[in-house]
Amino acid sequence: MSEERSLNFIEEIIEDDIRSGKNDGRVLTRFPPEPNGYLHIGHAKSICLNFGLAQKYNGKTNLRFDDTNPATEDTEYVDSIRQDIHWLGFEWDKELYSSDYFDQMYAFAQMLIGKGLAYVDDSTAEEIAAAKGTPTEPGTPTPNRSRSAEENLQLFQEMKEGKYPDGAKVLRAKIDLASPNMHMRDPLMYRIRHAHHHRTGNDWCIYPMYDFAHGQSDSIEKITHSVCTLEFIPHRPLYEWFIEQLEIFPSKQYEFARLNLNYTVMSKRKLLQLVNENHVTGWDDPRMPTISGLRRRGFTPLSIRNFCERIGVAKRENIIEYSLLEFCLREDLNKSAWRRMAVLDPIKLIITNYPEGKSEILNGENNPEAEDGDGSREIPFSAELWIEREDFMEEAPKKFFRLGPGLSVRLKNAYIVKCHDFRKDENGNVTEVHCTYIPESKSGSDTSGVSVKGTIHWVSVGHAKTAEIRLYDRLFQVEDPSSEEGDFKNYINPQSLKIIPNVFIEPDLTHAIPGKGYQFIRKGYFTLDTDSTPEKLVFNRTATLKDAWAKEVKKN
RNA sequence: UGCCCGAUAGUAUAAAGGUAGUACAACUGUUUUUGGUGCAGUUUGUCUAGGUUCGAAUCCUGGUCGGGCAACCA
């Protein structure tokens, strides 16, 4: 099952902790999204890490919504986050909210005020920023820094009671205005926000800041390993300071490098812009790196989990190549996707020695990679077929193993045909390819003794159904849009979506199952789009197949 | 220009002082009723300068490069 792999640095820490008996060997992690956007593939890395760690070490993982900023948060996001985690294949132990702890956090704050370790500051945001100094110069105290504990307690209570407007006062920790770590220069703990909160409604008008909410929530839940991304490294001393002063359960914070994928962006702010400015159709647009977008595109949970496993966990910045994600996708889909036939750019193939008006039902296994073929479906065959325009060449080069005058191919799951003629329209475009077939060459009972190099896909003209097909390309034209000059949106790929309105598909595809992956033979992996209806089928191309011939053509 | 984090093939990630390995990508060949898949193979790497050591990717020192930190965001 689990292949041999060396431990990542967090696993090493956990194994050390278990060996030394820390927390009685207990492992409790948490996944702490802020419900202000949809989850993306970068979150998937964190989800796989946090849930994976717990699974591996016989622990549990809480889902905790970090909802301390009512201005940006919404239940719409809560619902999508829940759905995405489940879809990825993980079960959380408890579903919790930082807002569940507002009473407790308030009491913690009072405790620090009582110890002389926090004070209410009336200064404006600008004054506080100015008084913080710079990385090279120490900060200076604001006028309120020396208020008595009693006065601070009183003022803090009045803040809570709503006596002051937004921004009038804040509560700050009293630590060290000269600290080389800017986060230790009397960081803000609470701010006033007369805003409606998605869970606590109008109960509160003061809200804790991240630094005074996250670590406290971890501690309340007795999280043993609080895993977050690199940008929180400078927050760690503060995380530890609050826990120490409060004398509460010592959760420990560990940081890893977030995932970056090339040819896309990964910040929620940027993704939100793409949605709001209609560069994509929504958070679940199949071109988006969101979990919901990847799901709609046809990615499988297993492929994403495998991807997250392969990219590893370390502390150095990284940009992963999209080709690795695609490899993991194909690896899974090759084993699970049912094979079907569809002709995207059709020309007609006429079998001149096949009885006119006759048709027969052929059999095609669902998946040759599976032991038993994973079942099979019926495919109607007749004298008139649609084939792919690119599978015929009037003057074929030597290594072109498809149709051309005098050339033979196998029709997948059917007969071997040989081309003897073709027709063109007035513009010189090929319209018909005329062939003869070998009756003894039928798939599964071939006694012809003829062997051909190429096999092509087809759909019977009289039996074909149609569907809209959406082909996707990378959303951005450059590897790292965020590091380019100017607005990242200048680098959007204008050809990221191509729609083919009427593609001929084999009849069985009218029974396509939502959420299932299909391989259109030689054309790629496809899945039903959520826009699809029984009247109008719509398929998304999840990924192309690897194409050695395209490379060959490119070389010459 | 204070503090913090990091640096191993094109991209990621291992090697805990003792043969620099794995995956993806690229390239060869082979198999194949998908120019897919599978299989076999090839190419490519320790940022730099010193030091410690029989021996350094690993330890030490200096430098270089990349990233982060001065939101009433998380």
Side-chain angles (χ1 to χ4, degrees), chain A residues 4-8 12 32-34 36 66-69 71-73 121 124-125 128-130 132-139 166-172 179-185 188-193 206-207 209-211 213-214 228-237 255 257 262 268-269 307 310-328 330-331 334-335 339 341 364 368-369 399-402 409-414 416 441 443-444 446 451-457 519-524 544-553:
Chain A
E4 289 291 321
R5 174 174 71 75
S6 51
L7 302 179
N8 65 49
E12 281 177 3
E34 184 188 10
N36 69 345
D66 217 342
D67 56 349
T68 58
N69 184 5
T72 57
E73 296 155 7
D121 196 336
T124 64
I128 290 175
K132 275 200 180 176
T134 68
T136 51
E137 301 160 64
D166 287 5
K169 288 180 165 40
V170 291
L171 183 72
R172 300 177 69 180
S179 172
N181 180 344
M182 297 299 290
H183 295 277
M184 297 299 271
R185 320 248 267 224
L188 272 63
M189 294 166 60
Y190 270 90
R191 77 284 214 187
I192 300 171
R193 278 274 175 288
I206 57 171
Y207 292 91
M209 301 288 292
Y210 168 85
D211 286 306
H214 201 100
C228 62
T229 45
L230 255 26
E231 68 269 28
F232 292 101
I233 289 177
H235 294 249
R236 191 181 342 122
E255 312 87 8
N262 64 180
K268 276 199 256 185
R269 202 192 93 249
F307 172 73
R310 280 173 199 259
I311 57 177
V313 177
K315 295 190 78 155
R316 62 187 92 102
E317 302 281 344
N318 59 82
I319 301 182
I320 309 283
E321 293 178 343
Y322 186 82
S323 60
L324 180 60
L325 215 208
E326 229 172 19
F327 169 83
C328 295
R330 293 191 183 114
E331 182 185 42
N334 179 52
K335 294 192 193 106
R339 271 56 171 177
M341 293 195 283
E369 299 298 317
K399 284 200 275 185
F400 186 77
F401 305 134
R402 308 181 196 178
V409 294
R410 155 81 59 187
L411 295 171
K412 180 73 184 175
N413 294 125
I416 291 173
S441 66
S443 273
D446 186 345
S451 75
V452 292
K453 282 255 183 172
T455 300
I456 66 170
H457 60 281
Q519 186 196 104
F520 292 1
I521 291 171
R522 302 206 306 141
K523 288 280 114 183
T544 59
L545 260 23
K546 287 218 289 196
D547 192 347
W549 174 247
K551 267 183 202 165
E552 183 71 27
V553 171

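So that the names make sense, note that chain A is the first sequence line, chain B the second, and so on, each numbered from 1. Keep in mind the model is a prediction, meaning the values are calculated, not measured.
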Checklist entry - Any donor-acceptor pair under 3.5 Å joining the side chain of Arg339(A) to the base of U34(B)? => result yes

Scan His235(A) against the nucleic acid and name what it touches under 4.0 Å (heavy atoms): base, sugar-phosphate only, or nothing.
base

- Task: Pick base, sugar-phosphate or nothing for Pro368(A), based on heavy-atom distances below 4.0 Å to the nucleic acid.
- Result: base

Touch class at under 4.0 angstrom, heavy-atom based, for Val313(A) against every strand present: sugar-phosphate

(Q) Suppose we call a contact any N or O donor and acceptor under 3.5 Å apart; does that hold for the side chain of Arg402(A) and the base of G35(B)? (A) yes

With sugar-phosphate meaning primed atoms plus P, OP1 and OP2, does Asn413(A) contact a base, only sugar-phosphate, or nothing at under 4.0 Å between heavy atoms?
base

Under a 3.5 Å distance rule, please check whether Asn8(A) uses its side chain to pair with a backbone N or O of Gly312(A) as donor and acceptor.
no

For His183(A), the side-chain hydrogen bond (donor to acceptor under 3.5 Å, both in side chains) test, sequence neighbours excluded, returns none

Those residues at least two apart in sequence (or on a different chain) that pass ring-ring contact (aromatic ring centres under 6.0 Å, His included) with His457(A) are none

_Regarding Arg310(A), tell me which of base, sugar-phosphate or nothing describes its non-hydrogen contacts under 4.0 Å with the strands shown._
sugar-phosphate

Among the nucleotides A74(B), C72(B), U34(B), whichever has the atom closest to the side chain of Arg193(A) is C72(B)

**Prompt:** NA contact type, Phe327(A), heavy-atom cut-off 4.0 Å: base, sugar-phosphate, or nothing?
**Reply:** sugar-phosphate

query: Contact class for Ile233(A) vs. all strands (heavy atom < 4.0 Å): base, sugar-phosphate, or nothing?
result: sugar-phosphate

Could you measure between the two C1' atoms, the one in U34(B) and the one in A25(B), and give it in whole Å?
23 Å

Checking all strands, does Ile319(A) fall into the base, sugar-phosphate, or nothing category for heavy-atom contacts under 4.0 angstrom? sugar-phosphate

Asn334(A) atom CG is separated from C39(B) atom P, nearest whole Å, by 11 Å

Once you apply a heavy-atom cut-off of 4.0 Å, does Phe520(A) come out as touching a base, just sugar-phosphate, or nothing?
nothing

message = What I want to check is whether an N or O donor and acceptor connect the side chain of Glu317(A) with the base of G68(B) at under 3.5 Å.
response = no

Closest to the side chain of Met209(A), out of C72(B), C24(B), U1(B), is C72(B)

Looking only at C72(B), G36(B), G2(B), the nucleotide nearest the Pro180(A) side chain is G2(B)

Quiz item: Do Arg191(A) side-chain atoms and Gly167(A) backbone N/O form a donor-acceptor pair below 3.5 Å?
Solution: no

On the side chain of Glu255(A), is there an atom forming a donor-acceptor pair with the base of G68(B) - under 3.5 Å, no angle test?
no

Those stems involving RNA chain B that have three or more consecutive Watson-Crick or G-U pairs, both distances under 3.5 Å, are B:2-7 with B:64-69, B:10-13 with B:21-24, B:26-30 with B:38-42, B:47-51 with B:59-63

(Q) Classify Leu188(A) by what it touches in the nucleic acid, base, sugar-phosphate, or nothing, heavy-atom distance under 4.0 Å. (A) base

* Tell me what Thr72(A) touches on the nucleic acid: a base, only sugar-phosphate, or nothing, going by heavy atoms under 4.0 Å. => nothing

> Which part of the nucleic acid, if any, lies within contact of Glu34(A), taking any heavy atom under 4.0 Å across all strands shown: a base, the sugar-phosphate backbone alone, or nothing?
Replying inline: sugar-phosphate

